[in-house]
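Here the structure comes first, spelled out in structure tokens, and everything after it is commentary.
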Amino acid sequence: MTTYTSAQYVDTAPTSTEAGEQLCFQASYTFAASTALLANDIIKLAKLPANHVLTDLRLETDALGATCEASVGFLNAGATDMSQAVIAASATNVAAAAILTQNTTAGLRVAAATSGYTPIGVKITVGNTVNAALGAKITITMKYRPKQNIEV
């Protein structure tokens with residue numbers, strides 16, 4: 001298993017102290033030439049700030065190679081595996097260029113706001129049989145807000 005890390009993953013996404021204010025953060029990873037993506041590879045893209053919840057998640061991707069599929073969502077604390085998909089692999093064929101969004105599912109609400117950041121990323125579920133081309137890019141845009149006091 002290989003783990004790829006975006007430049008944006010190094011720092012946690014910005015926060016706001018204004019209740020209800022929605023924030024937007026974009027993170028991307030650009031692959032080197034002829035990247036062979038294998039099942040269970042992880043692409044760490046962003047860190048959802050402590051005490052914040054996702055309201056929308058969008059995936060934009062170049063073609064990542066024939067047969068490639070992935071899940072997008074919450075990674076576990078060590079960012080070594082997917083803990084909960086927001087955009088499930090069954091709907092995420094990243095072999096061809098695609099734009100996928102999820103703002104209407106309970107999948108956004110499955111990870112309770114925590115006192116630490118929550119890793120957001122991509123898990124390759126079906127590897128590519130044709131390597132990703134030089135400069136192939138995968139990008140997420142996440143919208144999030146501070147959790148309210150009534151939220152667990």
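Keep in mind it's a predicted model, so treat the numbers as computed, not measured.
Nearest heavy atoms, Met142 versus Leu54: CB-CD2, 3.7 Å. In terms of heavy atoms, Thr3 sits closest to Lys44 at CG2-CE, 3.6 Å. Between Pro146 and Glu21 the shortest heavy-atom distance is CD-O, 3.3 Å. Scanning all heavy atoms of the two residues, the minimum distance from Cys24 to Lys143 falls at SG-CG, 4.2 Å.
Residues Tyr4 and Ile138 have side chains not in contact (no heavy-atom distance under 4.5 Å, counting atoms from C-beta outward). The side-chain heavy atoms of Tyr144 and Pro49, taken from C-beta on, include a pair separated by under 4.5 Å. Proximity of Val53 to Arg145: side-chain heavy atoms (C-beta onward) are separated by under 4.5 Å at one or more points.
Neither Leu48 nor Tyr117 shares a network with the other; the hydrophobic side chains, linked directly or stepwise wherever heavy atoms of I, L, V, M, F, W or Y lie under 4.5 Å apart, form separate groups for each. Using a 4.5 Å cut-off between side-chain heavy atoms of Ile, Leu, Val, Met, Phe, Trp and Tyr, with links allowed through other members, Phe25 and Phe74 fall into the same hydrophobic cluster. Hydrophobic clustering (ILVMFWY, side-chain heavy atoms < 4.5 Å, transitive): Ile43 and Tyr9 are in distinct clusters. Follow the hydrophobic side-chain contacts under 4.5 Å out from Phe31 and you never reach Val130; the two are in separate clusters. Hydrophobic clustering, with ILVMFWY side chains joined whenever heavy atoms are under 4.5 angstrom apart, keeps Ile42 apart from Val72.
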- Given Glu69 and Ile124, is the side chain to side chain contact (heavy atoms under 4.5 Å, CB included) satisfied, shown in steps? CA-CA 6 Å; Glu69 293 182 18; Ile124 302 299; over 6 Å; no
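Taken from OG1 in Thr125 to CG in Leu37, the straight-line distance is 11.0 Å, to the nearest 0.5 Å. From Leu59, atom CG reaches atom OG of Ser28 across 11.5 Å, with rounding to the nearest 0.5 Å.
A side-chain donor-acceptor contact under 3.5 Å links Thr55 and Gln22. Checked by atom type, the side-chain pair Thr141/Gln26 shows a donor-acceptor distance below 3.5 Å.
Between the side chain of Asp62 and the main chain of Lys137, a donor-acceptor pair closer than 3.5 Å is present. Judged by distance alone, with hydrogens and angles left aside, the side-chain atoms of Lys47 form no donor-acceptor pair with the main-chain N or O of Thr118 at under 3.5 Å. With hydrogens and angles ignored, the 3.5 Å screen pairs a side-chain donor or acceptor of Asn128 with a backbone N or O of Leu64.
With Ile120 as the fixed residue, the side chain to side chain contact (heavy atoms under 4.5 Å, CB included) test singles out one of Val86, Leu45, Leu75, Ile140: Ile140.
A salt bridge between Lys123 and Asp41 is absent, with no side-chain N of the basic residue lying under 4.0 Å from a carboxylate O of the acidic one.
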